[in-house]
K.L.:
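Got a structure for you, written out below as structure tokens; questions coming shortly.
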Number of protein chains: 2
Amino acid sequence: MPKPVVSEEKRRRRRLTRSGKVLSEQLIIDTAMRLLREHGSTGLSARRLGLALDCDPSTLYRYFRGMDDLTLAIGDTLIGQALHGWSPTGAWRADLRGLGVRIHAAYVAHPQAAVLTTSRVTGRANELAADEAVLGVLRGAGLPVADAVPVYHAFIDQTLAFAALDAASLALPNAALRAEDEVWRSTYAHLPASSHPHIAAAAPLLATEMVNSAYPSALDLLLDAVAARLKAAAQQGSDGRTRG
Amino acid sequence: MPKPVVSEEKRRRRRLTRSGKVLSEQLIIDTAMRLLREHGSTGLSARRLGLALDCDPSTLYRYFRGMDDLTLAIGDTLIGQALHGWSPTGAWRADLRGLGVRIHAAYVAHPQAAVLTTSRVTGRANELAADEAVLGVLRGAGLPVADAVPVYHAFIDQTLAFAALDAASLALPNAALRAEDEVWRSTYAHLPASSHPHIAAAAPLLATEMVNSAYPSALDLLLDAVAARLKAAAQQGSDGRTRG
DNA sequence: TCTCTTATGCCAACACAGTTGACCTTACGC
DNA sequence: GCGTAAGGTCAACTGTGTTGGCATAAGAGA
């Protein structure tokens with residue numbers, strides 16, 4: 001019985017669970033995300049999910065190949081939420097910024113789920129749509145494919161990287177969170193200026209700075225670089241040259 | 001027996017393990033990192049570590065409060081390796097770039113360990129030293145504390161964020177790695193231009209681009225921004241103004 | 001409406017995980 | 001040398017993902 005997971009649209013017989021519910025991919029994903037939110041990023045388990053859905057854990061293997069497969073599905077759902085309602089306006093900079101902020105926000109809004117999925121490539125529908133959107137904006141702005149690809153790479157990796165980092169600190173279980181807070185208060189805030197002069201001098205500022213995400217500023221830096229490349233390409237074009 | 005972990009320097013009686021070895025924090029950390037390298041980022045377990053050290057798993061609790069505590073120790077070791085041999089030259093841009101590249105490289109050199117530790121704040125010695133170094137370089141360049149702190153934040157988060165992302169894909173177990181490769185070949189490379197025109201057009205370039213890290217370019221962007229701020233601050237100073 | 005097939009939910013079991021409390025032995029301070 | 005307790009070991013607990021076998025009810029075909 002190792003593999004025969006049937007896809008959602010091929011599913012024909014909708015049998016009731018012992019508690020009378022009807023399962024579906026979407027219901028399982030939603031419940032999993034709720035569990036993640038309630039119990040932290042390590043709080044999702046087949047048994048707990050079975051308990052929440054009032055079905056046997058092994059039943060889940062009729063819908064997903066395993067917990068890892070379910071994880072990927074959750075990740076694609078997050079990207080889907082980010083893209084929901086987005087459409088390009090034609091202003092490349094605003095469009096790209098919007099995409100970045102939306103994706104980052106979607107992950108950060110579900111930090112426990114994000115921790116599990118940020119660095120996974122799923123190849124599922126919503127992930128593909130996001131990639132297509134980013135590449136489309138860049139090329140629509142006038143960037144040749146060869147220039148668009150590295151920019152796309154930096155853009156998407158930076159967005160996911162910050163999303164992962166920011167989500168990770170938001171997703172820490174309460175115990176670990178208090179522990180890090182304690183580390184901060186007991187260590188960073190009281191370092192003697194003799195051994196760590198710079199941290200000591202910056203301590204009060206660090207306390208307020210470190211709670212925010214550095215993503216927006218990093219994103220704007222990247223957009224500046226894109227603008228510079230576009231300008232250079234335009235100038236090159238008006239010079240009548242085709243290659244640098 | 002819940003808490004009484006004694007610190008390494010307080011350790012007095014060095015008793016032999018059943019196989020004649022002598023345990024120590026360092027030996028345990030080194031062995032753990034070896035296990036991570038050999039068995040992947042999920043391949044570290046108390047039982048496996050006990051097997052490798054030829055001691056009972058529960059013995060480890062005499063040295064670390066739990067597997068999580070050991071994880072933090074591994075993280076600090078990585079930062080220590082990054083800083084080993086580094087010293088500031090006085091040229092802020094080269095120094096900062098060196099720090100970033102070293103930290104990123106140290107994590108990426110131990111991807112399986114990095115996955116577990118990148119987003120954890122330990123407050124241990126080497127982490128503090130790294131923070132102190134970054135802040136020192138920025139202030140040494142002439143940046144006032146209030147300006148240095150957000151730059152420090154962006155710098156350290158960006159470095160760790162990319163390290164985490166790059167490590168994550170390097171640390172994927174062989175099975176998952178082949179799966180992602182398969183996803184790529186079966187999905188991205190063969191998307192019809194009708195549904196995903198931009199991905200289709202970029203496919204060959206994407207294949208070669210996505211294997212490299214986007215960190216160096218992102219780092220240089222950040223350094224450019226710092227240079228701009230320094231220039232602005234210098235100009236402001238020569239104007240005789242003290243506040244903007 | 002009845003029947004047959006098989007999709008799909010359930011059960012029991014496996015090997016693995018982290019962690020703990022009790023025990024015992026041996027290295028060290030006196 | 002002796003007594004103490006540090007530190008290694010054992011056994012057990014609860015939790016995890018996953019699988020093969022079973023049984024039952026949903027839906028197709030008559």
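Chain naming here is simple, since letters A, B, ... match the order of the sequence lines and numbering starts at 1 in each. Computed over heavy atoms, backbone and side chain alike; hydrogens, waters and symmetry mates excluded.
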K.L.:
Which listed nucleotide (D:dT9, C:dC10, C:dT8) is nearest to the side chain of A:Arg15?
P.N.:
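Minimum distance to the A:Arg15 side chain belongs to C:dT8.
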
K.L.:
If you look only at pairs with a residue in residues 206-216 of chain A, which of them pass as a side chain to side chain donor-acceptor pair (under 3.5 Å), with sequence neighbours excluded?
P.N.:
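Residue pairs passing side chain to side chain donor-acceptor pair (under 3.5 Å), neighbours aside: A:Thr159-A:Tyr215, A:Asp166-A:Ser213, A:Glu209-B:His153.
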
K.L.:
Salt bridge check: are A:Arg124 and A:Asp131 linked by an N-O gap of less than 4.0 Å?
P.N.:
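A:Asp131 and A:Arg124: not salt-bridged.
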
K.L.:
Among B:Leu160, B:Ile156, B:Leu165, which residue meets the side-chain contact (heavy atoms from CB on, under 4.5 Å) test with A:Leu165?
P.N.:
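Option passing the side-chain contact (heavy atoms from CB on, under 4.5 Å) with A:Leu165: B:Leu160.
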
K.L.:
Can you measure B:Leu51 atom CG to D:dG8 atom P for me and round it to whole angstrom units?
P.N.:
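Distance, rounded to whole Å: 17 Å.
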
K.L.:
I need the CG-P distance between B:Leu60 and D:dA6, as an integer number of Å.
P.N.:
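Rounding to the nearest Å, CG of B:Leu60 and P of D:dA6 are 19 Å apart.
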
K.L.:
For the residue pair A:Tyr61 and A:Gly66, what are the closest heavy atoms and their distance?
P.N.:
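Scanning both residues, the minimum pair turns out to be CE2-CA, 3.7 Å.
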
K.L.:
Closest nucleotide of DNA chain D for A:Leu16 versus for B:Pro57: which of these residues is on the 5' side?
P.N.:
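Mapping each residue to its closest nucleotide by heavy atoms, the 5'-most match is B:Pro57.
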
K.L.:
How close do B:Ile74 and B:Ala113 get, counting heavy atoms only, and between which atoms?
P.N.:
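For B:Ile74 and B:Ala113, the tightest heavy-atom pair comes out as CG2-CB, 3.9 Å.
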
K.L.:
Using whole Å, what does the distance between atom P of nucleotide D:dA6 and atom CG of B:Leu23 come to?
P.N.:
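Going from B:Leu23 (CG) to D:dA6 (P), I get 17 Å.
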
K.L.:
Take atom CG of B:Leu70 and atom P of C:dA17, then tell me their distance rounded to the nearest Å.
P.N.:
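One finds 15 Å between P of C:dA17 and CG of B:Leu70, rounded.
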
K.L.:
Going by modelled atom types, is there a donor-acceptor pair between the base of D:dC10 and the side chain of B:Ser58 at under 3.5 Å?
P.N.:
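In this structure, the two groups form a donor-acceptor pair.
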
K.L.:
Roughly how many Å is it from CG in A:Asp54 to P in C:dC11, rounded to a whole number?
P.N.:
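Going from CG in A:Asp54 over to P in C:dC11 covers 11 Å.
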
K.L.:
Between atom CG in B:Leu49 and atom C1' in D:dG8, what is the gap in whole Å?
P.N.:
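One finds 15 Å between C1' of D:dG8 and CG of B:Leu49, rounded.
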
K.L.:
Quick one: which of A:Asp68, A:Asp76, A:Thr71 gives a side chain to side chain donor-acceptor pair (under 3.5 Å) with A:Arg120?
P.N.:
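When A:Asp68, A:Asp76, A:Thr71 are each tested with A:Arg120, the side chain to side chain donor-acceptor pair (under 3.5 Å) holds only for A:Asp68.
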
K.L.:
Quickly work out the A:Leu53 CG to C:dG9 P distance and round it to whole Å.
P.N.:
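Going from CG in A:Leu53 over to P in C:dG9 covers 11 Å.
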
K.L.:
For the pair made of CG in B:Asp56 and C1' in D:dA11, what is the distance, rounded to whole Å?
P.N.:
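After rounding, the gap between these two atoms is 10 Å.
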
K.L.:
Are there any protein N/O atoms within less than 3.5 Å of an N/O atom in nucleotides 15-17 of chain D, and if so, which ones and at what distance?
P.N.:
residue : atom : partner : partner atom : Å
D:dT16  : OP1  : A:Ser45 : OG           : 2.7
D:dG17  : OP1  : A:Ala46 : N            : 3.1
D:dG17  : OP2  : A:Ala46 : N            : 2.7
D:dG17  : N7   : A:Arg47 : NH1          : 2.5
D:dG17  : O6   : A:Arg47 : NH1          : 3.3
D:dG17  : O6   : A:Arg47 : NH2          : 3.1

K.L.:
For B:Thr59, answer base if it contacts any base atom (sugar-phosphate contacts may also be present), sugar-phosphate if it contacts only those atoms, and nothing otherwise; contact means non-hydrogen atoms under 4.0 Å.
P.N.:
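Base, at least one base heavy atom under 4.0 Å.
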
K.L.:
Looking just at side-chain N and O atoms, do A:Gln112 and A:His39 make a donor-acceptor pair shorter than 3.5 Å?
P.N.:
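No, because no side-chain N or O of A:Gln112 sits under 3.5 Å from a partner of the opposite role on A:His39.
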
K.L.:
Taking N and O atoms by type only, does the side chain of A:Arg62 place a donor or acceptor under 3.5 Å from a partner on the base of C:dG9?
P.N.:
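In this structure, the two groups form a donor-acceptor pair.
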
K.L.:
Is there a side-chain contact between A:Tyr63 and the phosphate of C:dG9, meaning an N or O under 4.0 Å from OP1 or OP2?
P.N.:
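Yes.
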
